[in-house]
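Order of listing sets the numbers, starting from 1, for every ligand and every atom in it. Remember, it's a predicted structure, so these values are computed and weren't measured experimentally. The first residue of the sequence shown is numbered 1, and numbering continues consecutively from there.
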Amino acid sequence: MADGGYDVADYRAIDPRFGTLADADALLAEAHARGLRVITDLVANHTSEQHPWFVAALAAGPGSPERDRYFFRDGRAGGAEPPNDWISAFGGRAWTRVVEPDGRPGQWYLHLFAPQQPDLDWEHPGVRDEFDAILRFWFDRGIDGIRVDAAPAMAKASGLPDAGHAPGAAFESRTWVDNPHWDVDEVHDILRRWRRIGDSYDGDRLFVTEAVVNGPERLSRYVRPDEMHTSFNFDYLTSPWDAGSLRQVVDGTLAALGPVGAPATWVLSSHDETRHVTRFGRAYTGAAFGGAALPASPTDLALGLRRARAAALLTLALPGSAYVYQGEELGLPEVEDLPEEVLQDPTWERSGRTVRGRDGCRVPMPWEGDRPPFGFTRDGVPTWLPQPPSWSALTAAVQVADPDSTWSLYRDALRLRGRDTPMTWRPSAEGVLAFDRGPSFRCVVNLSGEPVDLTGQGRVLLSSAPCTGGLPPDAAAWLAPDEPGDE
Ligand code: NOJ
């Protein structure tokens with residue numbers, strides 16, 4: 001748990017803190033019985049430092065075959081400096097020097113994330129074979145798909161050349177071109193190999209990549225016909241609440257994915273960024289991994305929630321698939337005041353305690369009741385991150401009973417959604433997004449400061465705010481047009 005579970009010591013087991021393989025089997029069976037599918041996160045760029053392979057590599061010493069599964073290299077400057085200038089996503093350099101079995105400082109190993117997450121060398125045939133078997137292990141158990149963690153990290157340029165990072169450079173992979181440790185083309189060989197394994201099973205097995213790369217064209221490479229089915233859309237997630245920016249992302253996404261025949265995805269939040277209710281109430285409304293490198297400012301949560309509700313209707317109206325991060329359907333805000341002593345994200349320590357990291361978006365769900373742990377666990381048991389007492393007003397139980405709650409908005413939107421028709425933009429005022437999906441569905445999102453007159457636009461099916469005086473600022477509506485729109 002050096003990185004919230006993204007440091008795996010045994011790929012064929014469940015951490016006892018969470019249960020057993022029998023529990024996992026029961027979860028799969030119960031989900032399938034309800035028509036739900038289950039996707040497993042596969043962390044293959046790196047293992048835990050406690051993985052038997054890494055333990056053996058440390059013990060075997062320099063030059064041993066055990067070290068070949070990872071990137072062990074001699075340092076520069078007589079060994080005292082790291083082998084190259086690569087950086088960690090959590091801050092600082094991507095190399096840690098080991099103490100050799102004889103007690104002396106020795107080689108360095110690569111970790112693009114925390115030091116407890118040593119990178120595997122995917123050129124090693126044993127690594128490839130082992131992960132083939134791991135994929136089969138989980139597909140055989142009945143999982144329906146795989147989320148590929150940190151996909152662009154899995155291949156490295158041969159010879160591990162310097163990336164040319166400036167001292168103190170941030171890990172901003174969306175701006176990198178020809179970077180030797182990110183989005184290297186050989187990563188696609190691995191993805192094709194996995195797709196063949198998925199396709200060898202009956203039924204649908206879905207792959208989705210986490211690929212934070214430089215623009216939609218690079219992203220489209222991950223979803224070519226023989227690679228992954230979908231990829232999370234980080235350009236959409238990181239976009240500020242701004243009509244021009246969002247429209248550009250939508251158009252760029254559809255234009256890049258159309259030629260490879262892949263569906264778009266739309267994502268507003270994940271366990272790696274500040275929750276969008278909080279972001280959308282700030283002066284700067286965009287997102288970044290871990291919240292790093294963003295200007296912090298006070299947040300207006302009422303404004304953020306209005307925008308989040310409108311964003312939900314935009315997201316669920318766009319063509320493609322939508323990913324909903326747990327709790328966004330409750331309109332949960334980021335927990336910004338976690339006490340320092342409970343912070344667990346490695347970003348906190350690695351940034352010299354300047355970037356708090358991702359814990360604030362990971363606080364456990366409030367299910368029911370009037371005080372923590374809100375049904376997440378048994379009463380009296382503290383949750384792994386403390387829930388704010390004020391979440392008593394946001395529990396699932398409270399919101400399910402309230403037809404105007406954010407949960408009800410998501411439920412109604414999910415019931416209405418489900419068409420497979422291309423979108424067509426409609427003429428609209430500055431700051432307004434309006435589009436049709438065929439003749440019987442229209443979405444209007446108001447990101448301007450003025451109400452939008454909906455007269456003649458159709459019958460309102462669903463809206464994120466009351467529309468009596470038109471569509472207010474920071475609100476969205478779904479309509480059934482009076483007259484058929486453009487096809
Ligand atoms: C991406 C995951 O979403 C994030 O939570 C994790 O820290 C890194 N990959 C490293 O595995």
Side-chain angles (χ1 to χ4, degrees), residues 1-11 15 18 39-51 54 70-71 86-92 94 96 109-120 122 127 131 134 145-156 170-174 181-183 187 190-191 207-213 219 222 228 230-234 236-238 265 267-275 287-293 323-328 334 343-351 355-364 384-385:
M1 294 295 278
D3 177 25
Y6 284 92
D7 42 334
V8 179
D10 183 348
Y11 287 85
D15 188 306
F18 303 119
I39 297 177
T40 305
D41 208 334
L42 181 68
V43 189
N45 173 65
H46 43 268
T47 68
S48 159
E49 62 173 351
Q50 293 171 20
H51 191 285
F54 193 72
Y70 296 89
F71 292 97
W86 296 3
I87 55 177
S88 154
F90 299 140
T96 289
Y109 69 91
L110 178 69
H111 52 86
L112 290 179
F113 295 90
Q116 297 91 339
Q117 296 166 295
D119 279 45
L120 287 165
W122 273 85
V127 170
F131 275 87
I134 292 165
I146 284 181
R147 171 210 189 259
V148 181
D149 184 63
M154 288 193 293
K156 276 83 178 176
F171 203 93
E172 286 172 346
S173 57
R174 290 175 66 228
H181 61 72
W182 201 260
D183 198 18
V187 80
I190 305 167
L191 302 180
F207 287 96
V208 53
T209 43
E210 187 215 20
V212 185
V213 292
L219 185 70
Y222 289 77
M228 308 286 90
T230 63
S231 196
F232 297 121
N233 191 336
F234 284 93
Y236 186 72
L237 189 154
T238 53
T265 69
V267 192
L268 288 165
S269 273
S270 86
H271 61 292
D272 290 329
E273 294 85 14
T274 305
R275 281 186 180 274
F289 182 83
Y323 284 85
V324 176
Y325 177 50
Q326 56 91 4
E328 89 175 51
E334 183 87 358
L343 295 181
Q344 310 197 15
D345 187 342
T347 303
W348 173 239
E349 291 299 339
R350 287 188 66 82
S351 67
V355 182
R356 290 171 70 87
R358 303 160 293 171
D359 295 313
C361 65
R362 299 175 172 186
V363 173
W384 68 286
L385 291 166

Sequence neighbours excluded, the answer for side chain to side chain donor-acceptor pair (under 3.5 Å) partners of Glu334 is none

Ligand 1 atoms nearer than 4.0 angstrom to some heavy atom of His46 are 10 (C), 11 (O)

protein heavy-atom neighbour closest to atom 6 (C) of ligand 1 works out as Asp3 OD2, 3.4 Å

of all protein heavy atoms, closest to atom 3 (O) of ligand 1 is Asp272 OD2, 2.5 Å

Within the 4.0 Å heavy-atom cut-off, what Phe90 brings close to ligand 1 is side chain

Those residues at least two apart in sequence (or on a different chain) that pass side chain to side chain donor-acceptor pair (under 3.5 Å) with Gln326 are none

- Query: Which of parallel (below 30°), tilted (30 to 60°) and perpendicular (above 60°) describes Tyr323 and Phe232?
  - Reply: perpendicular

| said: Under 3.5 Å, is there a donor on one side chain and an acceptor on the other for His111 and Ser88? | reply: no

(message) Looking only at side-chain N and O atoms, does Thr47 offer a donor or acceptor that is under 3.5 Å from a partner on Tyr11?
(response) no

Here the atoms of ligand 1 under 4.0 Å from any heavy atom belonging to Arg358 are 4 (C), 5 (O), 6 (C), 7 (O)

Could you establish whether Arg362 and ligand 1 come within less than 4.0 Å of each other, counting only heavy atoms on the residue side?
-> yes

Between Phe113 and Tyr6, is the gap from one ring center to the other below 6.0 Å?
no

With a 3.5 Å cut-off and no angle check, do the side chains of Arg174 and Thr238 form a donor-acceptor pair? yes

Exercise. Would a line drawn from the ring center of Tyr70 to the ring center of Phe54 be shorter than 6.0 Å?
Worked result: yes

Residue, atom and distance of the protein heavy atom nearest atom 11 (O) of ligand 1 read Asp149 OD2, 2.7 Å

Within 4.0 Å of some non-hydrogen atom of Glu210, the atoms of ligand 1 are 1 (C), 2 (C), 3 (O), 9 (N)

for atom 8 (C) of ligand 1, nearest protein heavy atom and its distance come out as Phe113 CE2, 3.7 Å

For His271, the ligand 1 atoms with a heavy-atom partner under 4.0 Å come out as 2 (C), 3 (O), 4 (C), 5 (O)

Numbered in order shown, the ligand 1 atoms found under 4.0 Å of a heavy atom of Arg147 are 2 (C), 3 (O)

(request) Examine ligand 1 and decide if any of its atoms is less than 4.0 Å from a heavy atom belonging to His111. (result) no

